[in-house]
Amino acid sequence: MRHAAVAVLRAAYAAGDLSKGKALHARVIRAAHFDVVLHNNLISFYAKCGRVRLARKVFDAMPFRNAVSVNLLMSAYASSGRHKESFALLRVVDFGLNEYVLSAAVSATAHVRSYDMGRQCHSYAVKAGLAEQPYVCNAVLNMYCQCAHMEDAVKIFENVSSFDAFAFNSMINGFLDHGQLDGSVRIVRSMTREVEKWDPVSYVAVLGHCASLKDFVLGAQVHAQALKRRLELNLFVGSALVDMYGKSNRAHDANCAFEVLPEKNVVSWTAVMTAYTQNELYEDALQLFLDMEMEGVQPNEFTYAVALNSCAGLAALRNGNAFGASAMKTGLWAHLLVGNALMNMYSKSGSIDDADRVFMSMPLCDVVSWNLMITGYAHHGLAREAMEAFHSMLSAAEVPSYVTFVGVLSSCAQLGLVDEGFYYLNVMMKELGIIPGKEHYTCMVGLLCRAGRLDEAEQFIVNNCICTDVVAWRSLLNSCQVYRNYGLGHRVAEQILQLKPNDIGTYVLLSNMYAKANRWDGVVKVRKQMRERGVRKEPGVSWIQVGIDVHVFTSEDKVHPQMEQITKKLDELIDKIKAIGYVPNFAVVLHDIEDEQKEEHLMYHSEKLALAFGLIHTPKGATIRIMKNLRICDDCHVAIKLISVVTGRKIVVRDAVRFHCIDGGVCTCDDYW
DNA sequence: GTAGGGTTAG
């Protein structure tokens, strides 16, 4: 009976015929005597067919079971991701665990990241004398890696003499997952020496290590080794290669690794999209999304997140909206990852209200969501709202992170809350043990500058060893410009130009500073210096989306087909704002041109062209959103504020650093930028 | 009739 039945089950599985198996099941139930092995075969059959509930039914109906029955059901649960249920099965076991069941139990605790349960299993293994069993030992080692207790993992790793690739793989991934790159460097080194036979997972792990370190040289060597064994065709290894090249800023190589894959799945597609996005090739990433859908591959939550991040990079609000709607239809919208990506997209596209709306509707949120809200408000010049969000975050018992404090400190800076800023820096360091980074120090410099305490700001830079940080110095120089402190400004600019010769941002700030202080001799000097050193301004580019099209404008570029209309509109606008006090600010013109040309030059700044175009092509009262690659210039800032008055429009300009939300002649940047 | 680690986000 048993042999025949097993043969039937095997055939039924091979033919994918579930009903044949069920028919046999019925006969087994009617049979006079109970056979454990046969019932185990039934469990195995249902499990292989992906019918875990039926497997469980068989299990529950058994008058007695053995270790194999338990193990079969546990692995069925594990392969469908139901690790808690797998672990819970131990409660019905009324006999001692063997090495099979024990390693399944340990791996369940590893998946749910339960250090406590994992440790209990480990001590059980020690008492039962099973701790040295290779599978148990590896499972325990892996459990400690997953549960972020690398010190326990290291103890096991060091005490066992002979290891296969498995243990090395676990150790590398454990160190990588917890950001301990020095640890993974050690393991990878000894692995290249001691482990002869790498398995495919080893390649994936080592490539992940290379990706984290952006170690393209080692990555390419691993690639070469993989080629010898034709492993570049393996979906996992291939995706890891795509990721490694992408993170090493080699989008083209990433694409080659992708193209070579004979079978592509949603992960490999998403990996190559990610590679493009991380290298700022947003349009290509979005094109890949379309290609993927054409191939009939369904996007998952990661794919949507990457697509939305590309939209964020382009500030492509409409496309982002479309992806959001599409994610809503597929039900993937509720994923944390997608919600966060949507918030990010709205925030980077200048639509902070929409970001807030998404945040409020998210079923689950995490520290990243809170950070997006806080930094989003801060970038939009809404420091009060940012601080409110921060306090709500604390009330919600979410633990602030490194990024949280970047938002908090920059909000304190915007509000001129010097004491609060230092208080929060202290909380961050003392209470949360977060080591402040450049971003925090730069915020503190900005904080002191905002309060007009420029000398203290300079001292702060010197005292905190961030003298080599151009961003910190630039923040100080910016304040010198705002406060017209050209003595300090000149010194600071020298300092920056020593660190980064020909830094165009510095020349612009310096020139603006002299202009604001009415020091025309200074402006002339800066221009001369630039000419002598051959420094050229990067062309300003602005873009605006109208309908489904993105219209791009470069300064002085007159190639747009509707240039005539745009010029006419601009003339009109300039006349109107001159009537309410606009005076062109020639100081921002860094080119050596005649005075009479300067007004025309200013008029053709890319943001003004984009704005005029937007005013022509959008309905009355609609908000206009403009993106710019550089920082908005002082003249345009003044002009756009006045244009918002004469047209009654809300105008949002995203420049290289922040948002300017301009409404009724007032900008959220408070003219401090 | 039984086993483990892996790729995509920030």
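Chain A is the first sequence line, chain B the second, and so forth, proteins listed ahead of strands; every chain is numbered from 1.
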Between Asn71(A) (CG) and dT2(B) (P), how many Å, whole number? 9 Å

Give a yes/no on whether any side-chain N or O of Gln278(A) is located under 4.0 angstrom from OP1 or OP2 of dT8(B). no

Options dT8(B), dA3(B), dG1(B), nucleotide nearest the side-chain atoms of Ala271(A): dT8(B)

Side-chain N or O of His335(A) less than 4.0 angstrom from OP1 or OP2 on dA9(B)? no

Distance check needed: dA9(B) C1' versus Met345(A) CE, whole Å only. 16 Å

Give a yes/no verdict on base stacking between dT2(B) and Tyr100(A): centres under 5.5 Å, planes within less than 30° of parallel. yes

Scan Gln146(A) against the nucleic acid and name what it touches under 4.0 Å (heavy atoms): base, sugar-phosphate only, or nothing. sugar-phosphate

Out of dT7(B), dA3(B), dG5(B), which has the shortest distance to the side chain of Val267(A)? dT7(B)

Side-chain contact check for Ser170(A): nearest option of dA3(B), dG5(B), dA9(B) is dG5(B)

What is the ring orientation for His39(A) with Phe34(A), classed by angle as parallel under 30°, tilted 30 to 60°, or perpendicular over 60°? tilted

Closest to the Thr274(A) side chain: dA9(B), dG5(B), dT2(B)? dA9(B)

Once you apply a heavy-atom cut-off of 4.0 Å, does Leu42(A) come out as touching a base, just sugar-phosphate, or nothing? nothing

Which pairs pass side chain to side chain donor-acceptor pair (under 3.5 Å) with one or both residues in residues 284-305 of chain A, sequence neighbours excluded? Thr270(A)-Thr303(A), Gln287(A)-Asp291(A), Asn300(A)-Thr303(A), Tyr304(A)-Ser326(A)

Look at all strands and tell whether His111(A) reaches a base, only sugar-phosphate, or nothing, counting heavy atoms closer than 4.0 Å. sugar-phosphate

Base, sugar-phosphate, or nothing: which does Ser268(A) touch, judged by heavy atoms less than 4.0 Å apart? nothing

By nearest atom, which of the nucleotides dG10(B), dT2(B), dG6(B) is closest to the Val204(A) side chain? dG6(B)

Flag for Gln120(A)-His122(A): side-chain donor and acceptor within less than 3.5 Å: no

Rounding to a whole Å, what distance do you find between Leu308(A):CG and dG10(B):C1'? 14 Å

Of the options dT8(B), dG10(B), dG6(B), whose atoms approach the side-chain atoms of Asn173(A) most closely? dG6(B)

dG6(B) P sits how many Å from His209(A) NE2, rounded? 18 Å

Closest of dG5(B), dA9(B), dT8(B) to the Thr270(A) side chain is dT8(B)

Tell me: CG of Leu141(A) to P of dG6(B), nearest whole Å? 12 Å

Arg10(A) near the nucleic acid: base, sugar-phosphate alone, or nothing, with a heavy-atom cut-off under 4.0 Å? sugar-phosphate

As a test of reading the structure: which of dA9(B), dT2(B), dG1(B) is closest to the side chain of Asn309(A), going by heavy atoms? dA9(B)

For the aromatic rings, using the six-membered ring if either is Trp, is the centroid distance between Trp370(A) and Phe390(A) under 6.0 Å? no

Counting just side-chain N and O atoms, does Lys264(A) come under 4.0 Å of either OP1 or OP2 of dT7(B)? no

Distance, rounded to the nearest Å, where Leu332(A) contributes CG and dA9(B) contributes C1': 14 Å

Between the base of dG1(B) and the side chain of Asn66(A), is there a donor and acceptor pair under 3.5 angstrom? yes

Side-chain H-bond candidate by donor/acceptor type, Asp366(A) with Asn340(A), under 3.5 Å: yes

For atom CD1 of Ile435(A), decide whether the heavy atoms of other residues, nucleotides or ligands shown that lie under 6.0 angstrom number more than 12. no

Of the nucleotides dT8(B), dG6(B), dG10(B), which one has an atom closest to the side chain of Asn300(A)? dT8(B)

Within the structure shown, what part of the strands sits under 4.0 Å from Lys48(A) by heavy-atom distance: base, sugar-phosphate, or nothing? nothing

Report yes if a donor N or O on one partner sits less than 3.5 Å from an acceptor N or O on the other, where the partners are the side chain of Asp199(A) and the base of dG5(B); otherwise report no. yes

Ignoring hydrogens and angles, does a donor from either the side chain of Asn41(A) or the base of dG1(B) sit under 3.5 Å from an acceptor on the other? no

Using whole Å, report how far CZ of Phe289(A) lies from C1' of dA9(B). 14 Å

How long is the line joining CZ of Phe157(A) and P of dG5(B), in whole Å? 17 Å

Touch class at under 4.0 angstrom, heavy-atom based, for Pro134(A) against every strand present: nothing

Describe the nucleic acid contact of Leu72(A) in one word from base, sugar-phosphate, nothing, applying a heavy-atom distance below 4.0 Å. sugar-phosphate

Answer with yes or no after comparing the ring centroid distance for Phe289(A) and Trp269(A) against a 6.0 Å cut-off, counting only values under it. no

Is the phosphate of dT2(B) approached by Gln133(A) (side-chain N or O, under 4.0 Å from OP1 or OP2)? no

Would you mind telling me which of dT7(B), dA3(B), dG6(B) lies closest to the side-chain atoms of Asp243(A)? dT7(B)

Testing the 3.5 Å rule here: is there a donor-acceptor pair between the side chains of Asn66(A) and Asn40(A)? yes

